[in-house]
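Reminder, nothing fancy here: chain letters follow the sequence lines and each chain counts from 1. Quick note: numbers below take in every heavy atom, side chains included, and nothing from hydrogens, waters or symmetry partners.
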There are 2 protein chains.
Amino acid sequence: MDKVKEILAAALKLFVEYGFHGTPTSKIAQEAGVANGTLFHYFKTKEDLVIALYIDTKTRLAQHLIDNALPENTLKARLKNRYSQVMYWALEHSTEFRFIQQFHTSPFLSRLSAEEMYRQMKPDLDLIEEGIATKIIQPRPVDFIFSLFFNHINGLHQYLIHANLSTTEQNKLIEDTFDLLWGMII
Amino acid sequence: MDKVKEILAAALKLFVEYGFHGTPTSKIAQEAGVANGTLFHYFKTKEDLVIALYIDTKTRLAQHLIDNALPENTLKARLKNRYSQVMYWALEHSTEFRFIQQFHTSPFLSRLSAEEMYRQMKPDLDLIEEGIATKIIQPRPVDFIFSLFFNHINGLHQYLIHANLSTTEQNKLIEDTFDLLWGMII
DNA sequence: ATCTTTGTAGAGTGATTAGTCAATCTAGCA
DNA sequence: TGCTAGATTGACTAATCACTCTACAAAGAT
């Protein structure tokens, strides 16, 4: 429903601004332009709302990556494409990206099922595994490489939103930084 | 006072477990074994407590780095030492490290003064600047390199606490991973 | 036309919260 | 000893919170 989207959008904005527990459900309903009861009609508890918002946000990022994939290509090109597209999305949706980071370091993370977490990481894990199997990437634990990738993206994003670069400079830095990262794992 | 330490220790533990706003001051006082009023005698507001705890934790990390510094050495050795010592500290104080990460992605971060933030980053920024000035490190924005370093540490830490490695394996991985990072910036 | 399901509203509720306050305790000092 | 200042207490309060409940509207379904 439309109201569900309004609630999720309001929650996203307020959570990033005031934190999860720092945002009352009443404020979320108000910001979304719906009644208090409507919020609880769609989300059984506040925690359900937080989890649903995380999954929704992550799904939208995943969809962006699918829409911009380069399937017929070398492993390096596909990995670079994924890396860059995450960065582009993160820069264009910086509230969403900050919410994801906030969620990751919060106690809510443990409420996510292992399956849901694996489902989200799978495309990247597969890519890394393929790289190792074809001896392009050096043999190291897959989740170690994933962790380096993931946090490298955080680092670059953190820098880019503080530095004030033109889009051209930004894109060049994203390209260059991927090459640095690539050099690290081959 | 002793009670201040008890309060900070209790707050640290509960914040990491339940989040900032998810932890009532009454529970903190209870866990610390002091009365509710005592907490507010030492910390004017709950927010003051959060900020004080962050500064205290960061100061203890900084002290660990000072205690284990290698001042008379090459830049690479000094940087590697800092990198490793942060990792050792983070692994031994993983609640503290998780609190720092939680704080960094929370809205509380903006309550920290710019001076306090700069004060904390200065030793590393100086080291990176020295490396660039002496043409050992490639000329890139100092805070870009800092950001990569910082998030690289997060990535390795994240992997190490999930993987179950022996201390020897851990230390070897820390050494190796620094070399990867070093290769990226020279 | 009537029944049923679903959406929406918003006042209401009991529990919980951050922060206060007056009272007592402790220790150092004159 | 008597005085003062800070430490400590825990009952208290006003506000706020997550969530419930009842009522009503809209829209299919039969």
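Spacing between atom NE2 of A:His41 and atom C1' of D:dC19 amounts to 15 Å, rounded to whole angstrom units. Rounded to whole Å, the distance from CG on A:Asn36 to C1' on D:dA23 is 16 Å. One can place CG of A:Leu39 at 12 Å from P of D:dT20, the figure rounded to the nearest angstrom. The interatomic distance linking B:Phe43 (CZ) with D:dT8 (P) rounds to 12 Å, in whole Å. The distance between atom CG of B:Asp48 and atom C1' of C:dA18, rounded to the nearest whole Å, is 13 Å. Atoms CZ (B:Phe40) and P (D:dT13) sit 17 Å apart, rounded to a whole Å. Distance, A:Lys46 NZ to C:dT16 P: 16 Å, rounded to whole Å. We find that CD of A:Glu6 is positioned 14 Å from C1' of C:dT8, with the value rounded to whole Å.
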Can you give each donor-acceptor pair under 3.5 Å made by side-chain atoms of residues 8-23 of chain B, sequence neighbours left out, with the distance rounded to 0.1 Å?
residue: B:Lys13; atom: NZ; partner: B:Glu31; partner atom: OE2; Å: 3.0
residue: B:Thr23; atom: OG1; partner: B:Leu14; partner atom: O; Å: 3.1
residue: B:Thr23; atom: OG1; partner: B:Gly19; partner atom: O; Å: 2.7

When the side chains of residues 148-161 of chain A are checked against the rest of the protein, which donor-acceptor pairs come out under 3.5 Å, sequence neighbours left out?
residue: A:Asn151; atom: ND2; partner: A:Ser147; partner atom: O; Å: 2.8
residue: A:Asn154; atom: OD1; partner: A:Gln101; partner atom: NE2; Å: 2.9
residue: A:His157; atom: NE2; partner: A:Ala90; partner atom: O; Å: 3.4

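Listed by first and then second residue, the ring pair (Phe, Tyr, Trp, His ring centres under 6.0 Å) pairs involving residues 122-141 of chain A amount to none (not counting sequence neighbours).
Judged as a side chain to side chain contact (heavy atoms under 4.5 Å, CB included), and not counting sequence neighbours, the contacts of B:Pro123 are B:Arg82. In terms of the ring-ring contact (aromatic ring centres under 6.0 Å, His included) criterion, residue partners of A:Phe103 (sequence neighbours excluded) are, by chain and number, A:Tyr54.
Listed pair A:Tyr42 / C:dT6 fails the phosphate criterion, with no side-chain N or O lying under 4.0 Å from OP1 or OP2.
Atom CG of B:Leu125 is separated from atom NZ of B:Lys122 by 8.5 Å, given to the nearest 0.5 angstrom.
The stretch residues 13-30 of chain B has no heavy atom under 4.0 angstrom from DNA chain D at all.
The B:Thr38 side chain lies nearest to D:dT9 when the options are C:dT8, D:dT20, D:dT9.
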